[in-house]
Amino acid sequence: MTDSLSAQEFKANYDEAAVPSYTLPDPLVAADGKPIDSAEGWREVRRPELLELFRSKMYGRAPGRPADVRYELEESSQQAFGGAATRKQVTIHLTKQANGPRLRLLLYVPNKRTGPAPAFLGLNFSGNQVVCRDPAIQLTDRWVREGEATDGNRATDASRGSQTENWMVERVIERGYALATVYYGDIEPDYEEGWRRGVRSVFPVDGKAKATPAAQPITKFRDDDWGAIAAWAWGLSRVLDYLETDGDIDARRVAVIGHSRLGKTALWAAANDERFALCVSNNSGEGGAAISRRRFGETVWRINTSFPHWFCTAYKQYNNREDDLPFDQHELVALIAPRPVYIASASEDQWADPKGEFLSAVNAELVYALLGKTGLGVTAPPPVDKPVGETIGYHLRTGEHAVLPFDWEQYLNFADRHLRAN
Ligand code: GTR
């Protein structure tokens, strides 16, 4: 972990009484001060304006879709989980070069289905082999964070299935959804210099519709060039490009899901790429669903200091200056409207500011309403373990910072309501 600050050096505020007073930017007032009062005004004026602000000031700009992708089916079997699912392992080559950047997709599709399956797509933290105990999953050969089931920065067989209960793959299949996952380190390894071994070293941000590799090695970034979160989100869109070509998947019903830093990533992916039909942000916290102006738990300064590579350089100017941000995170949620989005917090995860995450859901409501939807539909935080909401879902689960079976059950119920209703 590139966490260069020890906890002692930063005193996080966990006292609600010490949260400063603040005014949230109104998502329905344009930069020129004019009110936005129609769906068209949102689509044509305000949504592009907000996207541009988040791109240029926070996550950074990403290139377009690569000009030369190639999909290689490495392995498949219809006998996964005792015949309940078909497993596919597909390499997504992002350039023409055989040794160029590539993503390894692990896909399970339920065998019991009447047509192309809706799917959950999420990046994983430690290699595809951690998501369940299927011995056929390729062990990642990429850099992984050193831990119990690694040999230095290499994953070992001991890591197989270690996050089974965080992924619930068999349950997802049983409920009729496909599960697609890629190791986030395939896109970019998560440390400050990790970009040198990831897609940001290959594709320049040049504003062209089709991304092609740089002629010269990339050596530095401009203030608004993509950070790692934008790169991971871009990778999710590349997986969706593949899913659009796979006849077993209904690419119009793909839910993008992520936990923690990857929850921030899922939100940004869904904000940018309207092909994602639904978004789940699990404990995404600072830089995700939590309101930055609250300065509760992790703050802008702290996240930019611990993880200098996550956001674009321009974001650093807001260190300890949250009130100067031309947006707040409820507007990130609003960028997903009118599509369904689920925000989940955990009671012991105060670092991620559960109340701030809830308030983003509340304050995105205006935009959902303008687009003819009920968002959260409530303004008071619900009791623990009681999901609320309509097109915006929310719950505060009892317990720690993690995606747990309780969370998955709520996401599956939410997806049933939104992706299965005809
Ligand atoms: C923490 C970071 C959080 C969150 C978390 C995670 O150290 O401060 O913003 O992203 O890591 O991703 O697990």
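All figures in this text were calculated on a predicted structure; none of them were measured in a lab. Computed from heavy atoms alone, side chains included, the values below leave out hydrogens, waters and symmetry copies. Read the numbers this way: they start at 1 and go in the same order the structure lists the ligands and their atoms.
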Query raised in the report: Nearest heavy atom to atom 11 (O) of ligand 1: which of R261, H401, R302, H259 does it belong to?
Result: R261

Query raised in the report: Any idea which atoms of ligand 1 are less than 4.0 Å away from a heavy-atom of I303?
Result: 9 (O)

Requested in this report: Using a 4.0 Å heavy-atom cut-off, say whether K264 meets ligand 1 through its side chain, its backbone, both or neither.
Outcome: side chain

**Report entry** From CH2 (W351) to CZ (F296), nearest 0.5 Å
**Finding:** 11.5 Å

Query - Side chains of T181 and F120 in contact at under 4.5 Å (non-hydrogen atoms) - result: no

Requested in this report: Among R145, R196, R197, find the residue that satisfies the side-chain hydrogen bond (donor to acceptor under 3.5 Å, both in side chains) test when tested with Y191.
Outcome: R197

Report summary line: Within the 4.0 Å heavy-atom cut-off, what L262 brings close to ligand 1 is neither

Report summary line: W310 heavy atoms within 4.0 Å reach ligand 1 at atoms 9 (O), 10 (O)

Requested in this report: Apply side chain to side chain donor-acceptor pair (under 3.5 Å) to the pair D385 and T398, showing each step before the final yes or no.
Outcome: CA-CA 6 Å; D385 304 327; T398 302; 2.6 Å; yes

Requested in this report: Just let me know how E298 lines up against ligand 1, side chain, backbone, both or neither, with a heavy-atom cut-off below 4.0 Å.
Outcome: side chain

Requested in this report: Kindly indicate whether a cation-pi arrangement holds for R339 with F276, taking the cut-offs as under 6.0 Å to the six-membered ring centre and within 45° of the axis.
Outcome: no

Report summary line: A student checking ligand 1 against S260 at a 4.0 Å heavy-atom cut-off should list atoms 4 (C), 5 (C), 6 (C), 10 (O), 12 (O), 13 (O)

Query raised in the report: Going through the checks in order, is the side-chain contact (heavy atoms from CB on, under 4.5 Å) test met by Y342 and I392?
Result: CA-CA 6 Å; Y342 200 112; I392 303 177; over 6 Å; no

